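All heavy atoms count here, side chains included; hydrogens, waters and symmetry mates do not. Just so you know, these numbers come straight off a predicted model, no measurement behind them.
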Amino acid sequence: MPFAENIEAVIPRPEQDKAAEERLAALKAKTGQRPNILWLVVDDMGFGDPGCYGGGGLAGASTPNIDRLAAEGLKLTSCYAQQTCTPTRSAILTGRLPIRTGLTRPILAGDKITANPWEDEVSLPKLLSDAGYFTLLSGKWHIGESEGMRPHDVGFDEFYGYYPAQKEISQRVDARRFPGLVLNPERLAAFEAVGPTDFLTHGFKGGRTEELQQILSTEDMSKADQVLTDFTVKRIEELAACEQPFFIEHCFMKVHCDNFPHPDYAGKSEAKYPYKDSVHEVDAQIGEIMKALGDAGVLENTLVFFTSDNGPQMDGWPDAGYTPFRGAKGTTWEGGVRVPGIAYWKGMIATGRTSDGLFDLMDLFGVSLNLAGVGTDTLPEGRFYDFVDQTSFLLTDEGQSKREAVYYWWGKELMACRMKEYKAHVKVVLAQAPHMHIDLATVQDVGLAPWFFNLYLDPKEEMTVGHRLDPWMVTVLGKLKAHGATFKKYPAKNIGL
């Protein structure tokens, strides 16, 4: 990618880039079309949940299908999301940090935003659709449900799923957990007046929108992911039979609390707890989707990327995942933002690779543009892009990351920066009780000096190494300041959140 002042700088890897280009050109000559792209995005899965990341049966829920992806592809150990769901989901579709788009947190019941953040954004599905791809989002959206903000309004050709997180749906029917809402008609009516829709929705580019099945019970909620998986499997079969390449973002409703395992999976995990059963269920559904790719004969022409939108939501414990790191969802400690990331592409990505190179989920934006043959010159001017095109990192057998730094934001606060194995915090989220990383936590300045950690020596971020052990802190802080300076020319967007 040529240098541009409004796109995040990259570490030059010209030989690696050339090798990836040659590999892609050979594939296109063989297949006659651009490759398909499939993202598998789980909601709130912890870094330590999959077996290939140290969890699996050890953590009470075996994940053979996810583990197989890792064994036959590239497992990333320094893959980063934003600290909560809406910011991540917006970032990967815009290639821009949430502070730049205004989508800094979920739009909740009763929120009155002052502007449509998508109005002047150009989404990845729009760019891919314009380049000849069929674009589909199945599952959770959570980036706005009013007209103009729906998936099929912002670039997707088709949407089949739910606008909010599953807890925002199930809480209105779960009388055991939320009796004060469900059993109080006045409060429930007030919530329904401002709350998100509880219908499975089918939308199409151009605005046509159909409300299908309504969630009327926790059992209905328990079956939602299987309904979504069945749809994705069917669409893979149909789309693979066409000459048009496809981009599918399959977003699971699980394992965001509150989890209600599908009847076929209840008690099937080693732990027997609802969260663990749901991890086991998601893994099985990933197996179904991968089988669909194989049955359709497109495995060798499809990049698959598996990940989670943030760390585990420990505030819902024990309906929550596991991370070996400090913090959880809602924080910019590693536990909140370091997530599983597996790139699989039969015949294109070498099997059994593991890399600790930096990868931000926004980089999927750059990889997807590259695979679709969409140049960065098609991106609008006057705004800053934070993605890095990591195609050659993923595709070359000894590929190295082209990302120099990862930046951590909490809402509108710049919190930290990581370069190589070093991470400097200028603000931190401190939980005031065990597991309470959202509901009982504070954002604080660090004080006299940045909190500076060597993540190789101390991945749990427990002991700083700044002025005692490492003079490299100034370099990381310089990078953080340069990042902050980009907002002078390209100011942040405010949509009223």
Report the distance from atom [atom1] of [X] to atom [atom2] of [Y], rounding to the nearest 0.5 Å.
X	Y	atom1	atom2	value
Asp67	Lys75	CG	NZ	9.0 Å
Thr86	Leu103	OG1	CG	7.0 Å
Thr101	Ile143	OG1	CD1	9.0 Å
Ser401	Leu358	OG	CG	5.5 Å
Ile37	Asn301	CD1	CG	10.0 Å
Glu288	Leu293	CD	CG	12.5 Å

Can [X] and [Y] be counted as having a side-chain donor-acceptor contact under 3.5 angstrom?
X	Y	value
Ser138	Thr232	yes
Glu270	His280	no
Thr77	Asp356	yes
Glu334	Tyr80	yes
Thr302	Asn36	yes
Gln83	Thr331	no
Arg100	Thr486	yes
Thr88	Gln82	no

In this structure, is the centre-to-centre distance between the rings of [Y] and [X] below 6.0 Å?
X	Y	value
Trp333	His437	no
Phe247	Tyr133	no
Phe325	Phe47	yes
Trp141	Tyr163	no
His483	Phe487	yes
Phe305	Phe359	yes
His425	Phe453	yes

Count the heavy atoms of every other residue, nucleotide or ligand shown that sit under 6.0 Å from [atom1] of [X], and state whether that count exceeds 12.
X	atom1	answer
Glu398	CD	no
Tyr490	OH	yes
Lys272	NZ	yes

Is a donor on one side and an acceptor on the other found under 3.5 Å between the side chain of [X] and the backbone of [Y]?
X	Y	value
Asp458	Met463	yes
Ser62	Pro64	no
Asp43	His256	no
Arg353	Leu394	yes
Asp360	Asp363	no
Asp111	Ile107	no
Asp319	Asn259	yes
Trp472	Tyr422	no
Arg468	Thr464	yes
Glu413	Lys427	no

Electrostatic pair [X]:[Y] at N-O distance under 4.0 angstrom:
X	Y	answer
Asp120	Lys493	yes
Glu72	Lys346	no
Lys479	Glu404	yes

For a 4.5 angstrom cut-off between non-hydrogen side-chain atoms, does [X] reach [Y]?
X	Y	result
Met314	Trp317	yes
Leu303	Pro35	no
Arg338	Leu455	yes
Pro164	Ile169	yes
Phe384	Ile7	no
Ile99	Lys412	yes
Val255	Glu281	no

Which atom of [X] lies closest to which atom of [Y], heavy atoms considered:
X	Y	value
Cys85	Asp309	CB-OD2, 3.0 Å
Ser368	Trp39	OG-CZ2, 3.6 Å
Glu8	Tyr407	OE2-OH, 3.1 Å
Gly48	Pro324	N-CD, 4.1 Å
Ala431	Met436	CB-O, 3.3 Å
Tyr265	Ala284	OH-CB, 3.5 Å

Verify salt bridge (Lys or Arg N to Asp or Glu O under 4.0 Å) between Glu5 and Lys489, making sure each step is shown before the conclusion.
-> CA-CA 10 Å; Glu5 70 163 18; Lys489 184 171 183 179; 2.3 Å; yes
State whether Tyr408 and Lys423 meet the cation-pi test: NZ (Lys) or CZ (Arg) under 6.0 Å from the six-membered ring centroid, and within 45° of the perpendicular axis.
-> yes
I would like to know whether Gln285 and Asp225 meet side-chain contact (heavy atoms from CB on, under 4.5 Å); could you show each step before the answer?
-> CA-CA 8 Å; Gln285 289 159 352; Asp225 269 310; 3.6 Å; yes
Looking at Asp49, Asp44, Asp258, which one forms a side chain to side chain donor-acceptor pair (under 3.5 Å) with Tyr275?
-> Asp49
Between Met415 and Val426, is a side-chain contact (heavy atoms from CB on, under 4.5 Å) present by the stated rule, with each step listed?
-> CA-CA 5 Å; Met415 306 288 284; Val426 292; 5.7 Å; no
Begin with the C-alpha distance, continue with both residues' side-chain angles, and end with the deciding distance and a verdict on side-chain contact (heavy atoms from CB on, under 4.5 Å) for Tyr53 and Ile342.
-> CA-CA 11 Å; Tyr53 284 90; Ile342 301 171; 3.9 Å; yes
Salt bridge (charged side-chain N to carboxylate O under 4.0 Å, His left out) partners for Arg23, two or more places apart = Asp397
Going through the distances and angles, do Leu127 and Leu369 end up as a side-chain contact (heavy atoms from CB on, under 4.5 Å)?
-> CA-CA 8 Å; Leu127 292 165; Leu369 290 187; 3.8 Å; yes
